[in-house]
**Student:** 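Here you go, one structure.
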Amino acid sequence: MTMAELLSDAEVTEALTELPRWRRDGAMLVRTVDLPTFPDAITVVDRVAEVAEARNHHPDIDIRWRTLTFRCSTHSAGGITDLDVALAREIERLAGS
Ligand SMILES: C[C@H](O)[C@H](O)[C@H]1CNC2=NC(N)=NC(=O)C2=N1
């Protein structure tokens, strides 16, 4: 398995054009989403967990009542790679309203 390569600033900016509700925060792609209820939020977390496990690429997830914040970064590379962009797209599919 090849080591994921860090994306350039331009590549990150380009990726974010297709992820309008995501933003860059340093070495991470970040998305905050409000769900109708706490159980709805946990359902989304569970679905994201399944996708992350299948990809062996995991987001940081902050859960505060019905507000979820996902942070994607490639720990082994110390920043944002294509793995994070792909995971963000999956999270957006599962959590995006
Ligand atoms: C051993 C296992 O493959 C690695 O630790 C995986 C697990 N999930 C991961 N998730 C993220 N976000 N970054 C990683 O570098 C990473 N590495």
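Below, all heavy atoms of this structure are taken into account, side chains as well, without hydrogens, waters or symmetry copies. Atoms within each ligand, like the ligands themselves, are counted from 1 in listed order.
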**Student:** Check D9 with R24, please: is the shortest side-chain N to carboxylate O separation under 4.0 Å?
**Tutor:** yes

**Student:** What protein heavy atom is closest to atom 8 (N) of ligand 1, reported as residue, atom name and distance in Å?
**Tutor:** H58 ND1, 2.8 Å

**Student:** Would you indicate whether the side-chain heavy atoms of T69 and R64 approach each other to under 4.5 Å?
**Tutor:** no

**Student:** Does any N/O atom on S73 come nearer than 3.5 Å to any N/O atom on ligand 1?
**Tutor:** yes

**Student:** Looking at E90 and R93, does any basic side-chain N land under 4.0 Å from a carboxylate oxygen?
**Tutor:** yes

**Student:** Does atom 17 (N) of ligand 1 have any protein heavy atom closer than 4.0 Å?
**Tutor:** no

**Student:** Going through the checks in order, is the side-chain contact (heavy atoms from CB on, under 4.5 Å) test met by D84 and L7?
**Tutor:** CA-CA 10 Å; D84 302 302; L7 298 180; over 6 Å; no

**Student:** Out of L87, I80, I91, which residue meets the side chain to side chain contact (heavy atoms under 4.5 Å, CB included) rule with L29?
**Tutor:** I80

**Student:** Take atom 10 (N) of ligand 1 and look for protein heavy atoms under 4.0 Å from it; say yes if you find one, no if not.
**Tutor:** yes

**Student:** Checking a contact table here: which protein heavy atom is nearest atom 4 (C) of ligand 1, and how many Å away?
**Tutor:** N56 ND2, 4.4 Å

**Student:** Scan side-chain atoms only and decide if T37 and D40 contain a donor-acceptor pair under the 3.5 Å cut-off.
**Tutor:** yes

**Student:** Could you tell me the residue and atom name of the protein heavy atom closest to atom 13 (N) of ligand 1, and the distance to it rounded to 0.1 Å?
**Tutor:** H75 N, 3.1 Å

**Student:** Looking only at distances, please establish whether an N/O atom of ligand 1 is found under 3.5 Å from an N/O atom of S76.
**Tutor:** yes

**Student:** Just to confirm, does any protein heavy atom lie below 4.0 Å from atom 2 (C) of ligand 1?
**Tutor:** yes

